[in-house]
*Asks:* 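Mind having a look at this structure? Questions to follow.
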Amino acid sequence: MTVQGGAPGAEETADQSAEATRRPVRRALISVYDKTGLEELARGLHAAGVRLVSTGSTARVIAAAGVPVTPVEELTGFPEVLDGRVKTLHPRVHAGLLADQRLESHRGQLDELGIEPFELVVANLYPFRETVASGATRDECVEQIDIGGPSMVRAAAKNHPSVAVVVDPGHYETLLAAVAAGGFTLAERRGLAARAFQHTAEYDAAVAGWFAELDTTADQPFAAHANLTFTLDRVLRYGENPHQAAALYTDGSGRGLAAAEQLHGKEMSYNNYVDTEAAHRAAWDHDRPCVAIIKHSNPCGIAVGADVAEAHRKAHACDPLSAYGGVIAVNRPVSAALAEQVADIFTEVIVAPDYEDGALEALTRKKNIRVLRCPEGPAARTELRPVDGGALMQVTDRLQAPGDDPASWQLAAGEALSAEELAELAFAWRACRAVKSNAILLAKDGATVGVGMGQVNRVDSARLAVRRAGAERAAGSYAASDAFFPFPDGFEVLAEAGVRAVAQPGGSIRDKLVIEAAEKAGVTLYLTGTRHFYH
Ligand SMILES: NC(=O)c1ncn([C@@H]2O[C@H](COP(=O)(O)O)[C@@H](O)[C@H]2O)c1NC=O
């Protein structure tokens, strides 16, 4: 056996220069669903002397651009059949893709069979994920499972010592430059192969995940395999601390915070993302115009108002000291009035579904503020938390009927609240969900006034909330506790501060003692029956 360019593996030797590993591209197989940039690519390849072979509508676009192209049927001598299920799945195609051009035996077999090799594959796959997302029927989704495409891509990637494979229309310019330079180097082909296998792996994970999800139910929403694939979006400056490397990955859905459009400001940091996620979650928990200001995942203030500017003034007033350097989330487009208010306060990030006329101009007067547009609220059905050696998955906590609807709450002590007052307590209850456990939150006039967060007992959270509200604001406020009071002591702290009413889940074996404390203090107590721990 003689070998051209060294035996397999010989190209890895350090003394072989990158230039020597370039492989000129003489013949390319192009089969793309996404036709972006196809005409320019075909023209460029043709101008560089590359002969093109292509499938159905890809070939038609190339021919219409005036570029000579051989239809794949001409190569295989076999028609495209079964509604496109079989086009490139043919030995004449795959032998041309898989022949290791370094091996005389492979070259000899191709000669005997009259098969010409390919040096380049350009392919992208049927839009399976997008078809599922569009709500298509099962049969329509199945039809969008690409079989021939991944086969070509995998074959070319395996055979990267001989073949280059490009799966991303964004890489066509680089491809043409490489062809002009005499072909990709081996290291480049290996990089393309890695990208190609990642592409097909993500694709297969999406398909496998879809099949697995077909067997899940509302009661058992966990598929047998969590086929999650994330794609590196960008490396961040550092992680939670400067000595931790960090990066942002996206899940391919093209939605949510990871895909938010940054309109202004410095690069988002790891901690910016964490806080923005918490702020976004908090703001979208409310139906009325709402602003949430978050630091270290906890609220400095949350408020609703007639408009977002009013909501922001109220949210900021909760704790102006802490709001310095905070992250602001808004559940409506940012008005110019809100933007003017924010422009005066040092703010790390603002995220909103959109920005009205004049708002961006006001915000961008500040160099440092990061301005994000994220059109929608949080939607993930499940959430994942890594644990050493595995991961925990849970259904995402949401406000839900009946427990979060005040109409279903049980009056346990004191006089029933009027509709207006009940709405105040309901605001406190919703806002409390944004506070890290143990959480006690005091609110008045649709705004938080005192937040006690993250304590390891509920009494300290209550004391913190009261202290941060101050005596005047605590008196007559509406209080919420994310979980039941295990003893009356935490409740008594609130009662002594003069709160008007408390909402808490109930369910403690000592509920009776808490209810007695409420009766004694003349504080209205509602049991919600729903808990919202947030860790
Ligand atoms: N069946 C096959 O042999 C086959 N070969 C290539 N494809 C796919 O067909 C698409 C391109 O088809 P067209 O050129 O007809 O638009 C590409 O997304 C490619 O991945 C195929 N389709 C599906 O499996």
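No experiment lies behind these values; they were computed from the predicted model shown. Worth knowing before you read on, the calculation uses all heavy atoms, side chains too, and leaves out hydrogens, waters and symmetry mates. Every number for a ligand or one of its atoms is a count from 1 in the order of the listing.
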*Asks:* Could you identify the single nearest non-hydrogen protein atom to atom 23 (C) of ligand 1 and state the distance to 0.1 Å?
*Replies:* Asp146 OD1, 3.2 Å
*Asks:* Charged N to carboxylate O below 4.0 Å: is that the case for Glu116 and Arg26?
*Replies:* no
*Asks:* Counting only heavy atoms, which portion of Glu143 has something under 4.0 Å from ligand 1: side chain, backbone, both, or neither?
*Replies:*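 No part of Glu143 comes within reach of ligand 1.
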*Asks:* Which option, Pro71, Gly148, Ala123, Ser54, owns the non-hydrogen atom nearest atom 4 (C) of ligand 1?
*Replies:*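 Checking each option, the heavy atom nearest atom 4 (C) of ligand 1 is found in Gly148.
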*Asks:* What atoms of ligand 1 come closer than 4.0 angstrom to any heavy atom of Leu89?
*Replies:* 3 (O)
*Asks:* Among protein heavy atoms, which sits nearest to atom 19 (C) of ligand 1, and what does the distance come to when rounded to 0.1 Å?
*Replies:* Ser31 OG, 3.3 Å
*Asks:* Nearest protein heavy atom to atom 22 (N) of ligand 1, by residue and atom, and its distance?
*Replies:* Tyr126 OH, 2.9 Å
*Asks:* Please say whether Ile147 places an N or O atom under 3.5 Å from an N or O atom belonging to ligand 1.
*Replies:* yes
*Asks:* What are the atoms of ligand 1, with element, lying closer than 4.0 Å to any heavy atom of Gly84?
*Replies:*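 Taking each heavy atom of Gly84 in turn, ligand 1 has 1 (N), 2 (C), 22 (N), 23 (C) under 4.0 Å.
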*Asks:* With heavy atoms of Gly56 as the reference, note each atom of ligand 1 found under 4.0 Å away.
*Replies:* 14 (O), 15 (O)
*Asks:* Got a sec: does the CG of Asp357 have more than 12 other heavy atoms crowding it under 6.0 Å?
*Replies:*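 Count not over threshold, so no.
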*Asks:* Test salt bridge (Lys or Arg N to Asp or Glu O under 4.0 Å) on Arg85 and Glu143; report intermediate values, then the result.
*Replies:* CA-CA 8 Å; Arg85 284 188 173 201; Glu143 214 42 56; 2.7 Å; yes
*Asks:* Between the side chains of Thr530 and Asp404, does any donor sit under 3.5 Å from an acceptor?
*Replies:*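 No, no side-chain donor-acceptor contact under 3.5 Å.
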*Asks:* Identify, with sequence neighbours excluded, every residue that meets ring pair (Phe, Tyr, Trp, His ring centres under 6.0 Å) alongside Tyr238.
*Replies:*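 Once residues adjacent in sequence are excluded, Tyr238 has no partner under the ring pair (Phe, Tyr, Trp, His ring centres under 6.0 Å) criterion.
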*Asks:* May I ask you to identify the nearest protein heavy atom to atom 18 (O) of ligand 1, giving residue, atom name and distance to one decimal place in Å?
*Replies:*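 The closest heavy atom on the protein side is Asn124 O, 2.6 Å.
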*Asks:* Any atoms of ligand 1 less than 4.0 Å from a non-hydrogen atom of Thr58? List them with their elements.
*Replies:*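 Matching atoms, with element in brackets: 11 (C), 13 (P), 14 (O), 16 (O).
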*Asks:* Please check: side-chain N/O of Arg281 versus main-chain N/O of Arg433, any donor-acceptor pairing under 3.5 Å?
*Replies:* yes
*Asks:* Does a donor on one side chain and an acceptor on the other come within less than 3.5 Å for Gln198 and Glu202?
*Replies:* yes
*Asks:* With no hydrogens and no angle check, just 3.5 Å: does a side-chain donor-acceptor pair link Asn271 and Ser269?
*Replies:* no
*Asks:* Under 4.0 Å from a heavy atom of Leu125: give me the atoms of ligand 1 that qualify, with their elements.
*Replies:* 18 (O), 20 (O)
*Asks:* Using distance alone, with no hydrogens and no angle criterion, decide if His286 and Asn331 have a side-chain donor and acceptor under 3.5 Å apart.
*Replies:* no
*Asks:* Using a strict cut-off of 4.0 Å, indicate which atoms of ligand 1 neighbour a heavy atom of Tyr33.
*Replies:* 17 (C), 18 (O)
*Asks:* Under 4.0 Å from any heavy atom of Thr55, which atoms of ligand 1 are there?
*Replies:*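 Under 4.0 Å from Thr55, ligand 1 has these atoms: 11 (C), 12 (O), 13 (P), 14 (O).
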*Asks:* Charged N to carboxylate O under 4.0 angstrom, Arg27 versus Glu119?
*Replies:*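 No, no charged N to carboxylate O under 4.0 Å.
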*Asks:* Which residue supplies the protein heavy atom nearest to atom 1 (N) of ligand 1, what is that atom called, and how far is it?
*Replies:* Arg85 O, 2.7 Å
*Asks:* Tell me, which protein residue and heavy-atom name are nearest atom 9 (O) of ligand 1, and how many Å apart are they?
*Replies:* Lys87 NZ, 3.0 Å
*Asks:* Is there a heavy atom in Lys35 that sits closer than 4.0 Å to ligand 1?
*Replies:*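 Judged by the 4.0 Å heavy-atom criterion, Lys35 does count as contacting ligand 1.
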*Asks:* Can you report which non-hydrogen protein atom sits closest to atom 5 (N) of ligand 1, along with the distance?
*Replies:*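 The protein heavy atom lying closest is Thr88 OG1, 2.6 Å.
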*Asks:* Using the ring centroid of each side chain, check whether His532 and Tyr534 are separated by less than 6.0 Å.
*Replies:* no
*Asks:* Please list, chain by chain and in numerical order, all residues satisfying ring pair (Phe, Tyr, Trp, His ring centres under 6.0 Å) with Phe346, sequence neighbours excluded.
*Replies:* Tyr324
*Asks:* What is the closest protein heavy atom to atom 16 (O) of ligand 1, and at what distance does it sit?
*Replies:* Ser57 OG, 2.4 Å
